[in-house]
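Residue numbers start from 1 in every chain, and the chains themselves are labelled A, B, ... in the order their sequence lines are given, proteins ahead of strands.
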Amino acid sequence: MSRKQRKRKEQRAKRAARKTQRDPGPAVELAAAPYAGRKVPLERLDATRFRVPQTGAMRTHGVVYADERTLPDLAEDRCLEQVANVATLPGIVGPSLAMPDIHWGYGFPIGGVAAFDPDEGVVSPGGVGYDINCGVRLLAAEVTASELKRELPELVDALFAAVPAGVGSARRELGLDPAGLQALMRDGLGWAVGRGLADEEDAERVEEGGRLQTADPAQVSERALARGLNQVGTLGSGNHFAEVGVVDEVYDEVAAAAYGLRLGQVTLMIHSGSRGLGHQVCTDFLADMLRASERYGIPLVDRQLCCAPVRSEPGQRYLGAMGAAANYAFVNRQVMTHWARQLFAERYGCGLRTVYDVCHNIAKFETHAFEGSERELLVHRKGATRALPAGHPLVPAAYREVGQPVIIPGDMGRYSFVLRGAANSGRSFGSACHGAGRLLSRAAAKRRYGGENVAARLRKERGVIVRGASRATVVEEVPEAYKDAAEVVGIVHDGGLAERVVRIRPLGVVKG
DNA sequence: ATGTGC
C-alpha cells in the first residue's frame with residue numbers, strides 16, 4: 001500500500017469514527033444484518049427485476065430493478081445489503097424495493113421504496129432521508145429554444161441573480177416570522193396561493209396538492225424554524241439546480257400534448273428540497289427514533305434504520321414534523337417558480353406553466369392494490385418518484401387519461417426525461433426511479449475532474465451554460481459522475497413502471 | 001442533502 005493510499009485510509013477511518021461519535025441517542029444492541037459483509041445474491045425474476053432472497057432476520061424478500069449493465073454498479077457499494085436490511089423492519093408489506101438508480105444512503109438505500117402497514121408497521125426517518133421532500137418541479141415556457149437562444153447567457157445570469165443558490169443561501173424578502181413559517185408549513189401550497197405566489201392550477205399540479213394533511217408544525221423544533229426562516233425560495237447545494245432546457249425528443253405524442261409539451265419548447269426544471277429546516281427535522285428525530293426503537297422493542301440490524309410504530313406517539317410526532325417540512329419544500333419550489341415567472345414575463349413576455357411537481361424523499365399514506373385488495377399503506381420513497389398510472393383518481397383530471405407525469409432529471413450535460421406512470425407501477429407501490437444515479441462519489445469526481453474547468457468544457461462541448469455558486473459543486477456534478485439517465489429510464493420503461501413521454505436537453509443551468 | 005468535518 002502506498003503512503004498516499006494509507007493516508008487516505010486513515011482519513012476514512014477517522015471520519016467514520018467521528019461519524020459514529022456524532023450519532024445521536026443511546027447505545028443500541030444490534031441484531032445480525034442479513035448479509036453482513038457477504039455478497040448479496042441476486043436471482044433473476046425477469047428482464048428488469050432481480051430478487052434478493054429472504055434470509056436471517058428478513059421478513060420479506062427484496063426486489064431490485066436492474067439490467068446486466070447496471071448490475072456491476074450495484075456491487076460497488078453496500079446498497080444491496082441495505083435493501084435486505086429494510087426487509088427486516090416490522091410491518092413491511094410486499095418486498096423491499098430498489099429502483100434502477102439505487103445507491104448507498106443513510107440506513108435505507110437511495111432509490112428505495114418500502115410500504116408499511118399503518119397498524120403493524122413503522123415509520124423511519126432513514127426511509128425518507130435528510131432532505132425531506134427533495135423533489136422536482138417542471139415548468140413549460142411559452143417560448144421556443146430558437147427564440148431564446150441568443151439571449152441564453154443573459155437568461156442564466158438573470159436566473160442566477162433571481163434564485164439564491166449555494167450552501168446557506170438565504171432570502172429575506174418574504175419577511176417571515178416563526179408564526180408565519182408555521183402557517184406556511186400547515187397550509188403548504190395554499191399558503192402560496194393566499195399570497196399571490198401561486199395560482200390554483202399550480203396547486204392542482206403538485207403531488208398531494210402541495211399539502212400533506214398530516215403536517216403538524218408544532219413538532220418542528222425552534223432550531224429548525226430558525227434555519228428555515230430565511231430559506232424559502234432558495235436552491236441549496238449538491239445536486240440541486242434550476243435548469244433551462246428544450247424538449248428535443250417526443251416519444252408519446254398523446255401524453256406530451258396532455259402535458260402541454262412539444263418539440264422545441266423551452267422548459268425550466270427546479271430541483272430542491274426543504275433546505276436547513278428539513279435537515280434539522282431529520283437530525284432532531286433520529287435521536288427520538290433511536291430511543292423509540294428501544295422502547296418499542298424493535299430489533300435493528302443498523303442503528304440508521306431507527307424507527308417507531310406508525311401509530312405510536314413518537315411515530316406520529318415524526319410524521320407531523322416531516323409533513324410540515326414537506327410542505328415547506330413544496331412552497332420553496334413554488335416561490336422559486338414565482339420569481340422565475342417574473343423573470344420570464346419581463347424578458348420574454350411569456351408565462352411558465354407548471355407541468356407537475358413530484359416528491360423524491362417522503363413517507364405518505366396512500367391506497368394501493370396489494371394481493372387483490374385495496375390497502376392503506378405508509379409508503380416510504382427515498383430517492384424515488386411516485387408514478388401513478390392512467391385512471392388513478394389522484395392524477396390531475398387534465399392528465400388522468402395518460403397517467404401522472406414522472407419527472408426524471410439526468411445530469412447537466414446530457415438529458416432529462418418526462419415519463420408517465422404505467423400499468424406495472426402497482427408492483428412498486430406506484431413508484432419509479434428519481435434520477436440517473438451517481439456513478440462516481442463526490443470525492444472521486446473531485447479527484448478526477450477537480451483540475452479542469454467543467455463549466456467551460458460543458459459550454460464548449462455541449463453548448464450548455466453553467467453558473468454555479470461554487471466551483472467545487474460544479475465539479476462534483478460533472479456529467480461523467482452520473483450514469484446515463486437513458487439507461488436507467490430504459491429499465492423503468494421496460495419494466496412497465498413508467499413510460500417515456502419526452503426527452504429534455506439542458507441549455508443553461510444554475511447550480512448550488 | 002446540510003450554517004458540509006473538532
Side-chain angles (χ1 to χ4, degrees), chain A residues 7-8 10-24 79 101-112 124-136 164-172 220-232 234-242 270-287 304 321-322 325-326 328-330 332-333 336 359-363 380-385 409 434-438 441-443 445-446 450 468-477 481-482 511-512:
Chain A
K7 196 170 176 195
R8 206 167 273 158
E10 279 167 15
Q11 280 174 340
R12 263 204 305 272
K14 251 185 194 169
R15 264 201 302 273
R18 271 204 298 271
K19 198 155 198 173
T20 313
Q21 281 164 11
R22 273 206 322 281
D23 259 357
C79 60
D101 52 339
I102 180 188
H103 51 111
W104 188 90
Y106 184 93
F108 289 54
I110 296 162
S124 174
V128 174
Y130 270 92
D131 191 3
I132 295 164
N133 190 9
C134 175
V136 193
V167 178
S169 43
R171 176 144 224 161
R172 290 175 183 281
V220 176
S221 70
E222 289 205 12
R223 202 167 174 192
L225 287 176
R227 290 180 70 172
L229 227 35
N230 295 324
Q231 294 192 323
V232 180
T234 66
L235 201 54
S237 181
N239 63 359
H240 289 170
F241 61 79
I270 297 172
H271 181 203
S272 185
S274 50
R275 310 285 290 104
L277 182 141
H279 189 274
Q280 190 63 47
V281 166
C282 182
T283 304
D284 292 340
F285 275 90
L286 284 172
Q304 296 185 352
M322 189 218 63
Y328 179 94
F330 283 135
N332 184 33
R333 293 194 286 275
M336 285 186 275
C359 313
H360 284 167
N361 289 4
I362 199 99
H380 291 63
R381 292 193 186 93
K382 181 188 192 177
T385 308
H434 85 308
R438 283 198 89 88
S441 70
R442 294 189 176 279
K446 227 180 268 183
S470 127
R471 209 193 78 90
T473 303
V474 174
V475 169
E476 289 169 12
E477 293 293 308
Y482 283 89
K511 292 288 302 179

Novice: Need one value for A/Gln231: base, sugar-phosphate or nothing, where a base atom within 4.0 Å counts as base even if backbone is also close, heavy atoms only.
Specialist: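 Sugar-phosphate: the residue A/Gln231, judged by heavy atoms under 4.0 Å, touches backbone atoms but no base.
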Novice: Taking CZ from A/Arg275 and P from B/dT2, how many angstroms apart are they, rounded to a whole number?
Specialist: 5 Å
Novice: Taking NE2 from A/His279 and P from B/dG5, how many angstroms apart are they, rounded to a whole number?
Specialist: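 Going from NE2 in A/His279 over to P in B/dG5 covers 8 Å.
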Novice: Using atom NZ of A/Lys446 as one end and atom C1' of B/dG5 as the other, report the distance to the nearest whole Å.
Specialist: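 For the pair A/Lys446 NZ and B/dG5 C1', the rounded distance is 12 Å.
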Novice: How is A/Arg223 classified with respect to the nucleic acid when contacts are heavy atoms under 4.0 Å: base, sugar-phosphate, or nothing?
Specialist: base
Novice: Base, sugar-phosphate or nothing for A/Gly276? Non-hydrogen atoms, less than 4.0 Å.
Specialist: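 Sugar-phosphate only.
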Novice: List the residues meeting salt bridge (Lys or Arg N to Asp or Glu O under 4.0 Å) with A/Arg381, not counting sequence neighbours, and say none if there are none.
Specialist: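 A/Glu366.
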Novice: Need one value for A/Ser274: base, sugar-phosphate or nothing, where a base atom within 4.0 Å counts as base even if backbone is also close, heavy atoms only.
Specialist: nothing
Novice: Think A/Arg275 forms a cation-pi with A/Tyr328, using NZ or CZ under 6.0 Å from the six-ring centre and within 45 degrees of its axis?
Specialist: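 Geometry flag: not set, cation outside 6.0 Å or 45°.
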Novice: Within the 4.0 Å heavy-atom criterion, would you say A/Gly238 contacts the bases, only the backbone, or no part of the nucleic acid?
Specialist: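 Sugar-phosphate only.
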Novice: Starting from P on B/dT2, measure out to NE2 on A/His240 and report it in whole angstrom.
Specialist: 5 Å
Novice: Which residues pass the salt bridge (Lys or Arg N to Asp or Glu O under 4.0 Å) test with A/Arg171, sequence neighbours left out?
Specialist: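 In terms of salt bridge (Lys or Arg N to Asp or Glu O under 4.0 Å), with neighbours along the sequence ignored, A/Arg171 is linked to A/Glu173.
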Novice: Between B/dT2 atom P and A/Asp284 atom CG, what is the distance in whole Å?
Specialist: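 From A/Asp284 CG to B/dT2 P: 16 Å.
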Novice: Between the side chains of A/Glu477 and A/Arg438, is the shortest nitrogen-to-carboxylate-oxygen separation below 4.0 Å, so that they form an ion pair?
Specialist: yes
Novice: Distance check needed: B/dT2 P versus A/Leu286 CG, whole Å only.
Specialist: 16 Å
